[in-house]
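Data block below; observations after.
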2 protein chains.
Amino acid sequence: MNVERPRTRIQKKNRETILDAALAVFSAEGFRGATLDQIAETAGLSKPNLLYYFASKEAIYSELLSTLLDTWLDPLRALDEAGDPVDEIVGYVMRKLQMSRDMPRESRLFAQEIVQGAPRILEQIEGPLRRLVDDKAALVTRWIDTGRIAALDPYHLIFSIWATTQHYADFNTQVCSILKPEGDAHMDDAATFLSAFYRRALDPRQL
Amino acid sequence: MNVERPRTRIQKKNRETILDAALAVFSAEGFRGATLDQIAETAGLSKPNLLYYFASKEAIYSELLSTLLDTWLDPLRALDEAGDPVDEIVGYVMRKLQMSRDMPRESRLFAQEIVQGAPRILEQIEGPLRRLVDDKAALVTRWIDTGRIAALDPYHLIFSIWATTQHYADFNTQVCSILKPEGDAHMDDAATFLSAFYRRALDPRQL
DNA sequence: CGTCCTCCTGACCATTTGGTCAATATTCTC
DNA sequence: GAGAATATTGACCAAATGGTCAGGAGGACG
(Lines give C-alpha, C1' and ligand atoms only; values in the text may rest on other atoms or scores of the structure.)
Protein backbone atom coordinates (compact mmCIF):
# COMPACT_ATOMS: atom_id res chain seq x y z
CA MET A 1 0.00 0.00 0.00
CA ASN A 2 2.28 2.71 -1.26
CA VAL A 3 -0.73 4.36 -2.82
CA GLU A 4 -1.35 8.09 -2.63
CA ARG A 5 -4.90 8.47 -3.91
CA PRO A 6 -7.45 6.11 -2.33
CA ARG A 7 -9.07 3.89 -4.94
CA THR A 8 -11.87 2.14 -3.12
CA ARG A 9 -14.46 3.48 -0.67
CA ILE A 10 -13.03 1.25 2.09
CA GLN A 11 -9.63 2.81 1.55
CA LYS A 12 -11.05 6.28 1.73
CA LYS A 13 -13.03 5.60 4.88
CA ASN A 14 -10.21 3.82 6.69
CA ARG A 15 -7.58 6.37 5.77
CA GLU A 16 -9.84 9.07 7.15
CA THR A 17 -10.48 7.06 10.31
CA ILE A 18 -6.77 6.56 10.80
CA LEU A 19 -5.89 10.19 10.20
CA ASP A 20 -8.53 11.33 12.65
CA ALA A 21 -7.30 8.94 15.32
CA ALA A 22 -3.73 9.98 14.58
CA LEU A 23 -4.66 13.64 14.99
CA ALA A 24 -6.13 12.89 18.41
CA VAL A 25 -3.12 10.91 19.58
CA PHE A 26 -0.31 12.97 18.01
CA SER A 27 -1.76 16.26 19.24
CA ALA A 28 -2.06 14.93 22.77
CA GLU A 29 1.26 13.08 23.00
CA GLY A 30 3.54 14.53 20.37
CA PHE A 31 5.19 12.51 17.62
CA ARG A 32 7.54 10.53 19.81
CA GLY A 33 5.01 10.11 22.58
CA ALA A 34 2.34 8.69 20.31
CA THR A 35 2.41 4.95 19.59
CA LEU A 36 0.97 3.02 16.70
CA ASP A 37 -0.89 0.84 19.18
CA GLN A 38 -2.64 3.89 20.62
CA ILE A 39 -3.58 5.16 17.18
CA ALA A 40 -4.76 1.74 16.13
CA GLU A 41 -6.92 1.36 19.21
CA THR A 42 -8.37 4.85 18.82
CA ALA A 43 -9.14 4.11 15.21
CA GLY A 44 -10.61 0.71 16.04
CA LEU A 45 -8.22 -1.07 13.71
CA SER A 46 -5.32 -3.45 14.18
CA LYS A 47 -1.77 -2.18 14.05
CA PRO A 48 -0.79 -4.17 10.97
CA ASN A 49 -3.86 -2.79 9.32
CA LEU A 50 -2.66 0.76 9.91
CA LEU A 51 0.54 -0.18 8.20
CA TYR A 52 -1.42 -1.57 5.31
CA TYR A 53 -2.76 1.92 4.64
CA PHE A 54 0.29 3.94 5.59
CA ALA A 55 3.90 3.03 5.05
CA SER A 56 5.03 4.08 8.53
CA LYS A 57 4.28 6.16 11.60
CA GLU A 58 6.13 9.02 9.95
CA ALA A 59 3.99 8.72 6.84
CA ILE A 60 0.81 9.14 8.87
CA TYR A 61 2.24 12.14 10.66
CA SER A 62 3.54 13.82 7.54
CA GLU A 63 0.30 13.36 5.67
CA LEU A 64 -1.56 14.85 8.62
CA LEU A 65 0.66 17.90 8.74
CA SER A 66 0.60 18.73 5.08
CA THR A 67 -3.13 18.11 4.77
CA LEU A 68 -3.93 20.41 7.66
CA LEU A 69 -1.48 23.21 7.00
CA ASP A 70 -3.49 24.39 4.07
CA THR A 71 -6.69 24.77 6.07
CA TRP A 72 -4.71 26.37 8.81
CA LEU A 73 -3.75 29.28 6.62
CA ASP A 74 -7.23 30.04 5.26
CA PRO A 75 -8.00 32.82 7.75
CA LEU A 76 -4.91 34.76 6.70
CA ARG A 77 -5.63 34.24 3.01
CA ALA A 78 -8.99 35.89 3.48
CA LEU A 79 -7.41 39.20 4.52
CA ASP A 80 -8.88 41.57 1.97
CA GLU A 81 -7.36 44.79 0.70
CA ALA A 82 -10.79 46.12 -0.24
CA GLY A 83 -12.18 46.14 3.30
CA ASP A 84 -11.59 48.60 6.13
CA PRO A 85 -8.08 47.92 7.41
CA VAL A 86 -8.85 47.81 11.12
CA ASP A 87 -11.97 45.71 10.57
CA GLU A 88 -10.07 43.38 8.30
CA ILE A 89 -7.36 42.69 10.85
CA VAL A 90 -9.77 42.36 13.73
CA GLY A 91 -11.77 40.04 11.54
CA TYR A 92 -8.66 37.97 10.93
CA VAL A 93 -8.05 37.78 14.67
CA MET A 94 -11.62 36.57 15.21
CA ARG A 95 -11.37 33.95 12.49
CA LYS A 96 -8.09 32.70 13.91
CA LEU A 97 -9.55 32.56 17.41
CA GLN A 98 -12.53 30.67 16.10
CA MET A 99 -10.12 28.19 14.61
CA SER A 100 -8.43 27.70 17.97
CA ARG A 101 -11.82 26.98 19.43
CA ASP A 102 -12.94 24.61 16.70
CA MET A 103 -9.65 22.90 15.91
CA PRO A 104 -7.55 22.82 19.08
CA ARG A 105 -6.01 19.46 18.18
CA GLU A 106 -4.68 20.82 14.92
CA SER A 107 -3.28 23.82 16.73
CA ARG A 108 -1.49 21.69 19.28
CA LEU A 109 -0.15 19.42 16.57
CA PHE A 110 1.50 22.33 14.80
CA ALA A 111 2.64 23.85 18.06
CA GLN A 112 4.53 20.73 19.08
CA GLU A 113 6.02 20.28 15.65
CA ILE A 114 7.33 23.82 15.55
CA VAL A 115 8.56 23.91 19.14
CA GLN A 116 10.76 20.96 18.28
CA GLY A 117 12.24 22.80 15.34
CA ALA A 118 9.69 21.83 12.68
CA PRO A 119 11.88 18.95 11.45
CA ARG A 120 9.14 17.61 9.18
CA ILE A 121 7.47 20.74 7.81
CA LEU A 122 10.28 23.22 7.58
CA GLU A 123 9.98 23.16 3.82
CA GLN A 124 6.33 24.08 3.88
CA ILE A 125 7.05 26.90 6.30
CA GLU A 126 9.90 28.34 4.31
CA GLY A 127 7.94 27.99 1.10
CA PRO A 128 4.18 28.55 0.93
CA LEU A 129 3.74 29.95 4.42
CA ARG A 130 6.49 32.48 4.06
CA ARG A 131 5.24 33.62 0.67
CA LEU A 132 1.74 34.13 2.03
CA VAL A 133 3.03 36.10 4.98
CA ASP A 134 5.25 38.25 2.77
CA ASP A 135 2.24 38.95 0.62
CA LYS A 136 -0.02 39.97 3.48
CA ALA A 137 2.71 41.93 5.20
CA ALA A 138 3.05 44.00 2.03
CA LEU A 139 -0.68 44.63 2.16
CA VAL A 140 -0.47 45.85 5.74
CA THR A 141 2.42 48.10 4.78
CA ARG A 142 0.24 49.69 2.13
CA TRP A 143 -2.43 50.36 4.73
CA ILE A 144 0.18 51.94 6.95
CA ASP A 145 1.60 54.09 4.18
CA THR A 146 -1.81 55.52 3.39
CA GLY A 147 -2.35 56.29 7.05
CA ARG A 148 -5.32 53.96 7.43
CA ILE A 149 -3.79 51.95 10.23
CA ALA A 150 -1.17 52.52 12.95
CA ALA A 151 2.46 52.11 11.93
CA LEU A 152 3.42 48.77 13.44
CA ASP A 153 5.78 46.19 11.93
CA PRO A 154 3.48 43.98 9.88
CA TYR A 155 5.45 40.77 10.42
CA HIS A 156 5.46 41.12 14.17
CA LEU A 157 1.81 42.11 14.04
CA ILE A 158 1.02 38.81 12.35
CA PHE A 159 3.17 36.93 14.85
CA SER A 160 1.26 38.58 17.68
CA ILE A 161 -2.02 37.45 16.18
CA TRP A 162 -0.83 33.88 15.85
CA ALA A 163 0.51 33.95 19.38
CA THR A 164 -2.52 35.45 21.10
CA THR A 165 -5.09 33.32 19.32
CA GLN A 166 -3.32 29.97 19.30
CA HIS A 167 -2.52 30.46 22.96
CA TYR A 168 -6.12 29.55 23.80
CA ALA A 169 -5.79 26.19 22.08
CA ASP A 170 -2.19 25.30 22.86
CA PHE A 171 -2.15 26.46 26.47
CA ASN A 172 -5.77 25.67 27.17
CA THR A 173 -4.83 23.73 30.29
CA GLN A 174 -3.13 26.75 31.77
CA VAL A 175 -5.92 29.12 30.77
CA CYS A 176 -8.50 26.84 32.40
CA SER A 177 -6.41 26.50 35.54
CA ILE A 178 -6.31 30.24 36.02
CA LEU A 179 -9.84 31.12 34.92
CA LYS A 180 -12.14 29.35 37.33
CA PRO A 181 -14.84 27.84 35.11
CA GLU A 182 -13.71 25.03 32.87
CA GLY A 183 -15.28 24.57 29.43
CA ASP A 184 -14.61 27.18 26.78
CA ALA A 185 -16.85 29.82 28.29
CA HIS A 186 -13.83 32.14 28.41
CA MET A 187 -13.47 31.92 24.65
CA ASP A 188 -16.12 34.59 24.42
CA ASP A 189 -14.18 36.75 26.86
CA ALA A 190 -11.09 36.16 24.79
CA ALA A 191 -12.92 37.35 21.69
CA THR A 192 -14.12 40.48 23.47
CA PHE A 193 -10.65 41.19 24.79
CA LEU A 194 -8.77 40.59 21.56
CA SER A 195 -11.25 42.58 19.53
CA ALA A 196 -10.93 45.64 21.77
CA PHE A 197 -7.20 45.13 22.15
CA TYR A 198 -6.38 45.06 18.45
CA ARG A 199 -8.84 47.84 17.66
CA ARG A 200 -7.09 50.11 20.15
CA ALA A 201 -3.60 49.19 19.01
CA LEU A 202 -4.35 49.59 15.32
CA ASP A 203 -6.45 52.74 15.30
CA PRO A 204 -4.51 55.22 13.17
CA ARG A 205 -5.51 58.21 15.32
CA GLN A 206 -3.69 59.19 18.54
CA LEU A 207 -0.06 59.31 19.61
CA MET B 1 20.75 7.94 45.98
CA ASN B 2 17.33 8.98 47.20
CA VAL B 3 18.89 12.15 48.56
CA GLU B 4 17.28 15.56 48.12
CA ARG B 5 19.98 17.98 49.25
CA PRO B 6 23.43 17.38 47.77
CA ARG B 7 25.97 16.67 50.49
CA THR B 8 29.33 16.67 48.72
CA ARG B 9 30.76 19.04 46.14
CA ILE B 10 30.90 16.24 43.57
CA GLN B 11 27.19 15.65 44.08
CA LYS B 12 26.41 19.30 43.61
CA LYS B 13 28.49 19.60 40.48
CA ASN B 14 27.17 16.44 38.86
CA ARG B 15 23.55 17.14 39.67
CA GLU B 16 23.92 20.54 38.05
CA THR B 17 25.62 19.03 35.02
CA ILE B 18 22.83 16.51 34.66
CA LEU B 19 20.04 19.06 35.03
CA ASP B 20 21.64 21.30 32.44
CA ALA B 21 21.99 18.44 29.98
CA ALA B 22 18.44 17.37 30.74
CA LEU B 23 17.18 20.88 30.04
CA ALA B 24 18.87 20.84 26.66
CA VAL B 25 17.49 17.45 25.70
CA PHE B 26 14.00 17.68 27.20
CA SER B 27 13.38 21.13 25.71
CA ALA B 28 14.43 19.95 22.28
CA GLU B 29 12.72 16.55 22.26
CA GLY B 30 9.95 16.65 24.84
CA PHE B 31 9.67 14.28 27.77
CA ARG B 32 8.85 11.18 25.77
CA GLY B 33 11.24 12.03 22.97
CA ALA B 34 14.22 12.49 25.25
CA THR B 35 16.25 9.43 26.20
CA LEU B 36 18.47 8.81 29.17
CA ASP B 37 21.28 7.90 26.80
CA GLN B 38 21.04 11.30 25.13
CA ILE B 39 21.04 13.11 28.44
CA ALA B 40 23.93 11.01 29.68
CA GLU B 41 25.97 11.72 26.58
CA THR B 42 25.21 15.44 26.70
CA ALA B 43 26.23 15.50 30.35
CA GLY B 44 29.36 13.45 29.68
CA LEU B 45 28.33 10.81 32.19
CA SER B 46 27.27 7.18 31.96
CA LYS B 47 23.62 6.24 32.09
CA PRO B 48 23.89 4.27 35.33
CA ASN B 49 25.63 7.28 36.79
CA LEU B 50 22.65 9.48 36.01
CA LEU B 51 20.49 7.02 37.86
CA TYR B 52 22.88 7.17 40.76
CA TYR B 53 22.03 10.84 41.19
CA PHE B 54 18.37 10.75 40.18
CA ALA B 55 15.86 8.01 40.88
CA SER B 56 14.40 8.01 37.38
CA LYS B 57 13.88 9.94 34.16
CA GLU B 58 10.73 11.39 35.66
CA ALA B 59 12.62 12.54 38.71
CA ILE B 60 15.05 14.54 36.58
CA TYR B 61 12.22 16.09 34.63
CA SER B 62 10.15 16.97 37.68
CA GLU B 63 13.05 18.54 39.48
CA LEU B 64 13.81 20.62 36.39
CA LEU B 65 10.27 21.89 36.11
CA SER B 66 9.79 22.86 39.71
CA THR B 67 13.22 24.46 39.96
CA LEU B 68 12.65 26.60 36.90
CA LEU B 69 9.03 27.61 37.40
CA ASP B 70 9.97 29.93 40.20
CA THR B 71 12.45 31.89 38.12
CA TRP B 72 9.97 31.91 35.31
CA LEU B 73 7.51 33.96 37.31
CA ASP B 74 9.93 36.62 38.50
CA PRO B 75 9.08 39.16 35.79
CA LEU B 76 5.41 39.13 36.75
CA ARG B 77 6.19 39.37 40.46
CA ALA B 78 8.09 42.58 39.78
CA LEU B 79 4.97 44.37 38.52
CA ASP B 80 4.78 47.32 40.87
CA GLU B 81 1.70 49.23 41.92
CA ALA B 82 3.79 52.32 42.66
CA GLY B 83 5.00 52.86 39.11
CA ASP B 84 3.23 54.35 36.11
CA PRO B 85 0.71 51.73 34.95
CA VAL B 86 1.51 51.78 31.25
CA ASP B 87 5.26 51.86 31.89
CA GLU B 88 4.92 49.02 34.37
CA ILE B 89 3.11 46.75 31.96
CA VAL B 90 5.36 47.62 29.04
CA GLY B 91 8.27 46.97 31.38
CA TYR B 92 6.82 43.58 32.21
CA VAL B 93 6.51 42.80 28.52
CA MET B 94 10.16 43.75 27.98
CA ARG B 95 11.35 41.62 30.90
CA LYS B 96 9.35 38.67 29.65
CA LEU B 97 10.73 39.11 26.15
CA GLN B 98 14.23 39.30 27.54
CA MET B 99 13.56 36.01 29.26
CA SER B 100 12.50 34.42 25.98
CA ARG B 101 15.77 35.59 24.50
CA ASP B 102 17.95 34.47 27.39
CA MET B 103 16.15 31.27 28.37
CA PRO B 104 14.53 29.80 25.28
CA ARG B 105 15.13 26.24 26.45
CA GLU B 106 13.19 26.83 29.62
CA SER B 107 10.39 28.42 27.64
CA ARG B 108 10.14 25.47 25.29
CA LEU B 109 10.24 23.04 28.18
CA PHE B 110 7.21 24.66 29.78
CA ALA B 111 5.48 25.03 26.45
CA GLN B 112 5.68 21.33 25.70
CA GLU B 113 4.60 20.37 29.19
CA ILE B 114 1.54 22.59 29.06
CA VAL B 115 0.55 21.72 25.50
CA GLN B 116 0.34 18.11 26.61
CA GLY B 117 -1.97 19.01 29.46
CA ALA B 118 0.64 19.84 32.11
CA PRO B 119 0.41 16.33 33.61
CA ARG B 120 3.36 16.93 35.90
CA ILE B 121 2.98 20.54 37.02
CA LEU B 122 -0.76 21.05 37.10
CA GLU B 123 -0.56 21.45 40.85
CA GLN B 124 1.97 24.25 40.64
CA ILE B 125 -0.15 26.00 38.03
CA GLU B 126 -3.38 25.77 39.97
CA GLY B 127 -1.62 26.81 43.16
CA PRO B 128 1.18 29.38 43.21
CA LEU B 129 0.85 30.51 39.60
CA ARG B 130 -2.85 31.10 39.83
CA ARG B 131 -2.52 33.01 43.10
CA LEU B 132 0.13 35.26 41.62
CA VAL B 133 -1.99 35.96 38.56
CA ASP B 134 -5.07 36.66 40.65
CA ASP B 135 -3.01 39.09 42.67
CA LYS B 136 -1.64 40.98 39.69
CA ALA B 137 -4.97 40.95 37.88
CA ALA B 138 -6.47 42.71 40.89
CA LEU B 139 -3.71 45.30 40.63
CA VAL B 140 -4.50 45.91 36.97
CA THR B 141 -8.17 46.23 37.82
CA ARG B 142 -7.31 48.95 40.31
CA TRP B 143 -5.41 50.80 37.60
CA ILE B 144 -8.41 50.49 35.32
CA ASP B 145 -10.86 51.68 37.96
CA THR B 146 -8.84 54.82 38.55
CA GLY B 147 -8.73 55.49 34.82
CA ARG B 148 -4.96 55.20 34.55
CA ILE B 149 -5.04 52.47 31.96
CA ALA B 150 -7.47 51.28 29.26
CA ALA B 151 -10.28 49.00 30.39
CA LEU B 152 -9.17 45.59 29.17
CA ASP B 153 -9.74 42.25 30.92
CA PRO B 154 -6.62 41.85 33.09
CA TYR B 155 -6.46 38.06 32.84
CA HIS B 156 -6.57 38.06 29.07
CA LEU B 157 -4.11 40.92 29.05
CA ILE B 158 -1.65 38.77 30.97
CA PHE B 159 -2.32 35.83 28.65
CA SER B 160 -1.59 38.05 25.66
CA ILE B 161 1.74 39.05 27.18
CA TRP B 162 2.72 35.46 27.80
CA ALA B 163 1.66 34.51 24.31
CA THR B 164 3.37 37.29 22.42
CA THR B 165 6.65 37.11 24.29
CA GLN B 166 7.04 33.35 24.61
CA HIS B 167 6.19 33.04 20.94
CA TYR B 168 9.69 34.24 20.09
CA ALA B 169 11.25 31.40 22.06
CA ASP B 170 8.77 28.58 21.44
CA PHE B 171 8.20 29.25 17.75
CA ASN B 172 11.64 30.58 17.02
CA THR B 173 12.03 28.22 14.07
CA GLN B 174 8.97 29.67 12.40
CA VAL B 175 9.95 33.25 13.17
CA CYS B 176 13.39 32.68 11.66
CA SER B 177 11.92 31.00 8.59
CA ILE B 178 9.77 34.01 7.83
CA LEU B 179 12.18 36.75 8.80
CA LYS B 180 15.15 36.38 6.48
CA PRO B 181 18.18 36.81 8.75
CA GLU B 182 18.74 34.00 11.21
CA GLY B 183 20.20 34.73 14.65
CA ASP B 184 18.12 36.74 17.12
CA ALA B 185 18.56 40.06 15.38
CA HIS B 186 14.78 40.31 15.12
CA MET B 187 14.50 40.19 18.89
CA ASP B 188 15.21 43.91 18.85
CA ASP B 189 12.45 44.44 16.29
CA ALA B 190 10.17 42.39 18.47
CA ALA B 191 10.96 44.63 21.43
CA THR B 192 10.23 47.74 19.38
CA PHE B 193 6.99 46.30 18.10
CA LEU B 194 5.69 44.99 21.42
CA SER B 195 6.60 48.17 23.21
CA ALA B 196 4.67 50.35 20.77
CA PHE B 197 1.88 47.81 20.51
CA TYR B 198 1.15 47.60 24.23
CA ARG B 199 1.61 51.32 24.73
CA ARG B 200 -1.05 52.03 22.13
CA ALA B 201 -3.46 49.41 23.41
CA LEU B 202 -3.15 50.44 27.04
CA ASP B 203 -3.15 54.23 26.75
CA PRO B 204 -6.18 55.37 28.74
CA ARG B 205 -6.96 58.23 26.34
CA GLN B 206 -8.89 57.77 23.08
CA LEU B 207 -11.96 55.75 22.10
C1' DC C 1 48.21 2.32 55.33
C1' DG C 2 43.66 0.56 56.16
C1' DT C 3 38.96 1.22 56.08
C1' DC C 4 34.81 3.36 55.37
C1' DC C 5 31.92 5.87 52.40
C1' DT C 6 31.13 7.98 48.03
C1' DC C 7 31.28 7.54 43.17
C1' DC C 8 31.21 5.02 38.88
C1' DT C 9 30.67 1.29 35.37
C1' DG C 10 29.97 -2.98 32.37
C1' DA C 11 26.90 -6.33 31.83
C1' DC C 12 22.39 -7.46 31.95
C1' DC C 13 17.13 -7.46 31.95
C1' DA C 14 12.16 -6.67 30.82
C1' DT C 15 9.25 -3.99 28.30
C1' DT C 16 7.87 -1.18 24.66
C1' DT C 17 7.57 -0.20 20.05
C1' DG C 18 7.91 0.32 14.90
C1' DG C 19 7.56 -2.77 11.50
C1' DT C 20 7.20 -7.51 8.69
C1' DC C 21 4.91 -11.48 6.70
C1' DA C 22 2.50 -15.42 5.52
C1' DA C 23 -2.00 -16.83 5.85
C1' DT C 24 -6.88 -15.86 6.07
C1' DA C 25 -11.09 -13.33 5.34
C1' DT C 26 -13.79 -10.19 2.68
C1' DT C 27 -15.33 -7.73 -1.28
C1' DC C 28 -15.69 -6.92 -6.13
C1' DT C 29 -16.35 -8.27 -10.88
C1' DC C 30 -17.80 -10.99 -14.47
C1' DG D 1 -20.68 -18.22 -7.60
C1' DA D 2 -15.76 -18.67 -9.25
C1' DG D 3 -11.76 -16.21 -9.09
C1' DA D 4 -9.15 -12.09 -8.71
C1' DA D 5 -8.25 -8.14 -6.02
C1' DT D 6 -8.52 -6.04 -1.75
C1' DA D 7 -8.56 -6.02 3.27
C1' DT D 8 -7.30 -7.94 7.82
C1' DT D 9 -4.86 -10.34 11.28
C1' DG D 10 -1.96 -13.27 14.62
C1' DA D 11 2.52 -14.32 15.29
C1' DC D 12 6.82 -12.71 15.18
C1' DC D 13 11.23 -9.76 15.08
C1' DA D 14 14.99 -6.39 15.99
C1' DA D 15 16.06 -2.26 18.02
C1' DA D 16 15.51 1.07 21.52
C1' DT D 17 14.89 2.23 26.12
C1' DG D 18 14.21 2.74 31.26
C1' DG D 19 16.15 0.65 34.83
C1' DT D 20 18.99 -2.89 38.00
C1' DC D 21 23.00 -4.75 40.24
C1' DA D 22 27.27 -6.60 41.78
C1' DG D 23 31.51 -5.12 42.00
C1' DG D 24 35.39 -1.96 41.33
C1' DA D 25 37.73 3.02 41.71
C1' DG D 26 38.63 6.84 44.23
C1' DG D 27 38.96 9.90 47.89
C1' DA D 28 38.67 11.22 53.05
C1' DC D 29 40.19 10.39 57.50
C1' DG D 30 42.09 8.18 61.38
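In the text below, chain A, chain B and the rest are named by the order of the sequence lines, each starting its count at 1.
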Legend entry - Check: A:His186 ring centroid to B:Phe159 ring centroid under 6.0 Å: no
Legend entry - Salt bridge A:Asp135-A:Arg77, side-chain N to carboxylate O under 4.0 Å: no
Find the distance [X]:[atom1] to [N]:[atom2] and express it as a whole number of Å.
| X | N | atom1 | atom2 | result |
| --- | --- | --- | --- | --- |
| A:Ile18 | C:dG19 | CD1 | P | 14 Å |
| B:Arg9 | C:dC5 | CZ | P | 19 Å |
| A:Ile10 | C:dC28 | CD1 | C1' | 9 Å |
| A:Phe54 | C:dT20 | CZ | C1' | 19 Å |
| A:Lys12 | D:dA7 | NZ | C1' | 18 Å |
| A:Ile60 | C:dG18 | CD1 | C1' | 11 Å |

If you restrict it to nitrogen or oxygen atoms, what contacts under 3.5 Å exist between nucleotides 13-21 of chain D and the protein, and what is each distance?
unit_1, atom_1, unit_2, atom_2, d
D:dT17, OP1, A:Arg32, NH2, 3.1
D:dG18, OP1, B:Ala34, O, 3.3
D:dG18, OP1, B:Lys57, NZ, 3.0
D:dG18, OP2, B:Leu36, N, 2.9
D:dG18, N7, B:Lys47, NZ, 3.1
D:dG19, OP2, B:Lys57, N, 2.8

Inset, instruction - Please state whether the rings of A:His167 and B:Trp162 are parallel, tilted or perpendicular, taking 30° and 60° as the class boundaries. - result: tilted
Between [N] and [X], is there an OP1 or OP2 to side-chain N/O distance shorter than 4.0 Å?
| X | N | value |
| --- | --- | --- |
| A:Tyr52 | D:dA7 | yes |
| A:Asn14 | D:dT8 | yes |
| B:Asn49 | C:dT9 | yes |
| A:Gln11 | D:dT6 | no |
| A:Ser46 | D:dT8 | no |

Legend entry - Donor-acceptor pair, side chain of B:Gln116 and main chain of A:Glu29, under 3.5 angstrom: yes
Legend entry - Sidechain-backbone polar pair: B:Ser27 side chain, B:Glu106 backbone, donor-acceptor under 3.5 Å: no
Legend entry - Pair B:Asp134-B:Tyr155, side-chain donor/acceptor within less than 3.5 Å: yes
Inset, instruction - Apply the test ring pair (Phe, Tyr, Trp, His ring centres under 6.0 Å) to residues B:Phe197 and A:Tyr198: give CA-CA distance (whole Å), side-chain angles for both, the deciding distance (0.1 Å), then the verdict. - result: CA-CA 9 Å; B:Phe197 188 63; A:Tyr198 276 94; 5.4 Å; yes
